[in-house]
Amino acid sequence: MEIYLVGGAVRDKLLNLPVTERDWVVLGETPDSLLKQGFRPVGKDFPVFLHPDTQEEYALARTERKTTHGYKGFSVYTAPDVTLEEDLIRRDLTINAMAMTPDGRVIDPYHGQRDLQQRVFRHVSPAFAEDPVRILRVARFAARYSTLGFTLAPETCELMQAMVAAGEVDYLVSERVWAELFKALNETTPAAFFTTLKACGALARIFPELDNLFGVPQPPKHHPEIDTGVHSLMCLEQAALLSPSPEVRFAALVHDLGKALSPKEDLPHHNGHEANGLPLLEAMCTRLRIPNGFKALAQQVMQYHTHCHRAADLRPGTLTDTLAALGAFKPANALESFLLACEADARGRTGFENRPYPQAGLFRAAAKAAVSVDISAIVGGTLQGAQIGEAIRQLRIRAVTEAIHAYALL
């Protein structure tokens, strides 16, 4: 059996990066011949098999022909006569179109090693334009490898722009968009995912809520970067430095969606943007089928980030009510994630990247004090209904008041 290591495993091996998954392509075989050798079929759209011992994926060499719009609109041909070069040319980027023999020899018909050395993302062939998911994949590769100096080849950017103009990205299904977005949020520099989409025009079609933020001004005193879209990506960059959590990163990215709706006559001010953004966030999460955990944290950060920034100026009752709204008094809560996203927002401004964020410490101290209040006497007392809740609230307000004074003295 003639086998070759292909795809990301070859790319990362040549970049001296850890190889976490290995995919193989098989030449000169048929599904029946692999089944007889103990391979287990798992492919839905084309013949892919799991090795009986390693459980690694082995795919029969194949060619593809575009039949209709979308990433599923392909006719797949597999046969023993399909060559390695024919299999590799159907791939997206040259750096992903290399193969390696079991003894380590690299087969590189489309100059992937050259583009690795030059740190360039370049499409293998015009067939790149047949699959809109490839735009998302290139953007995700930018999020993963931009720290190594990778850039997008001008001709590939132009091809991606043509795909957007032709409406090909409009056929992307929400599951694939979310799958690539989730992966990008987990990469080292997730902001590069969105700058790449912006460069080819795809951001406006796939994430219009984010694209609408670009060109929207903010007060220079508080936002020297001025542009709200730029600020949003700076927040994402800071969130990536502060936390590995994709939920935190997503919340930091989308917290200012409401600023796109601010009346032009009010600019650069954005009164009420916190509440104005909630319907936009809801629509975005519904359209892309974003998990509830991501949406819930993003809603909290969107609605209450300015409360957190003004923590020292909040009345004890307002701070207590905010903590209650954040679920901070429940055993399972996302307060730390909320504070990290708020800190990313505060630091996601030109010149503010290394500023301390004491507001988070005040929120933590207030939450700790409020949670430590003994409410057993109230719960077991003579009060009923809403009276119990208000009595507990007043106890917590007193505890929060003391915590504010103590924190101010530190």
Exercise for the section: Taking salt bridge (Lys or Arg N to Asp or Glu O under 4.0 Å) as the test, write out the residues that go with Arg122, two or more places apart. Expected result: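 Once residues adjacent in sequence are excluded, the partners of Arg122 under the salt bridge (Lys or Arg N to Asp or Glu O under 4.0 Å) criterion are Asp115, Glu155.
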Exercise for the section: Report the residues that fulfil salt bridge (Lys or Arg N to Asp or Glu O under 4.0 Å) with Arg91, sequence neighbours left out, ordered by chain and then residue number. Expected result: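 By the salt bridge (Lys or Arg N to Asp or Glu O under 4.0 Å) rule, Arg91 matches Asp87.
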Practice task
Would you mind listing every ring-ring contact (aromatic ring centres under 6.0 Å, His included) that reaches into residues 276-296, with sequence neighbours excluded?
Solution key: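 Every ring-ring contact (aromatic ring centres under 6.0 Å, His included) pair that includes a residue of residues 276-296, provided the two are not neighbours, is Trp178-Phe294.
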Practice task
Any ring-ring contact (aromatic ring centres under 6.0 Å, His included) involving residues 332-378? Give me the pairs, sequence neighbours left out, ordered by first then second residue.
Solution key: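 Every ring-ring contact (aromatic ring centres under 6.0 Å, His included) pair that includes a residue of residues 332-378, provided the two are not neighbours, is His309-Tyr357.
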Problem - Residue list, side chain to side chain contact (heavy atoms under 4.5 Å, CB included) with Pro52, at least two apart or on another chain - result: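 For Pro52 the side chain to side chain contact (heavy atoms under 4.5 Å, CB included) partners, ignoring immediate neighbours, are Phe39.
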Handout entry: With sequence neighbours excluded, residues passing side chain to side chain contact (heavy atoms under 4.5 Å, CB included) with Leu159
Key =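 Applying side chain to side chain contact (heavy atoms under 4.5 Å, CB included) to Leu159 gives His123, Phe128, Ala129.
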Is there a donor-acceptor pair closer than 3.5 Å between any side-chain N or O of [X] and the backbone N or O of [Y]?
X      : Y      : answer
Asn186 : Phe182 : yes
Asn96  : Asp92  : no
Tyr407 : Ala366 : no
Asp256 : Lys259 : no
Thr318 : Leu314 : no

Practice task
Kindly check if the number of other-residue, nucleotide or ligand heavy atoms within 6.0 Å of CZ (Arg40) is above 12?
Solution key: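 Result for CZ/Arg40: open.
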Problem - Neighbour count above 12 (heavy atom, 6.0 Å) for Arg114 CZ - result: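 More than 12 heavy atoms, drawn from other residues, nucleotides or ligands, come within 6.0 Å of this atom.
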Handout entry: Within the 6.0 Å centroid threshold, strictly below: His231 and His222
Key =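 His231 vs His222: aromatic centres not under 6.0 Å.
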Exercise for the section: Assert yes or no for the condition that the ring centre distance of His270 to His223 is strictly below 6.0 Å. Expected result: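 Judged by ring-centre distance (under 6.0 Å), His270 and His223 do not meet the cut-off.
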Suppose the criterion is salt bridge (charged side-chain N to carboxylate O under 4.0 Å, His left out): which pairs have a residue in [range], not counting sequence neighbours?
range            : answer
residues 203-214 : Asp170-Arg205, Lys198-Asp211, Glu209-Arg287
residues 362-379 : Glu336-Arg364
residues 304-316 : none

Exercise for the section: Measure the shortest side-chain to side-chain distance between Ile226 and Gln218 over non-hydrogen atoms and say whether it is less than 4.5 angstrom. Expected result: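 No; the side chains remain at least 4.5 Å from each other.
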Exercise for the section: Taking the side chain as every heavy atom from C-beta outward, state whether Val164 and Met160 have any pair of such atoms under 4.5 Å apart. Expected result: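 Val164 does not reach Met160 side chain to side chain.
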Practice task
Could you tell me whether Glu86 and Arg90 make a salt bridge, using a distance below 4.0 angstrom between a side-chain N and a carboxylate O?
Solution key: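 Answer for the salt bridge query: no.
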Problem - Between Thr147 and Thr188: side-chain donor-acceptor atoms closer than 3.5 Å - result: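 No, Thr188 and Thr147 have no side-chain donor paired with an acceptor closer than 3.5 Å.
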Handout entry: Any side-chain donor near an acceptor of the partner, Glu56 and Tyr58, under 3.5 Å
Key =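 No donor-acceptor contact under 3.5 Å links the two side chains.
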Exercise for the section: Could you tell me which residues satisfy side chain to side chain donor-acceptor pair (under 3.5 Å) with Asn292, sequence neighbours excluded, listed by chain and number? Expected result: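 Checked Asn292 against side chain to side chain donor-acceptor pair (under 3.5 Å); zero matches.
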Problem - side chain to side chain donor-acceptor pair (under 3.5 Å) involving Asp103 - partner list, sequence neighbours excluded - result: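 Once residues adjacent in sequence are excluded, the partners of Asp103 under the side chain to side chain donor-acceptor pair (under 3.5 Å) criterion are Thr101.
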Exercise for the section: Would you give the length of the straight line joining atom CD of Gln299 to atom CD of Glu274, rounded to the nearest 0.5 angstrom? Expected result: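 Separation between the atoms: 14.5 Å.
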Handout entry: Separation between CG of Asn354 and CG of Leu241, rounded to the nearest 0.5 Å
Key =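 If I round to the nearest 0.5 Å, the distance is 9.5 Å.
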Problem - Non-neighbouring partners of Tyr145 that pass ring-ring contact (aromatic ring centres under 6.0 Å, His included), sequence neighbours left out - result: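 Phe150.
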Practice task
Specify the closest pair of heavy atoms between Ala240 and Pro190, including all atoms of both residues, with the distance to one decimal.
Solution key: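 Reported closest heavy-atom pair: CB-CD, 3.8 Å.
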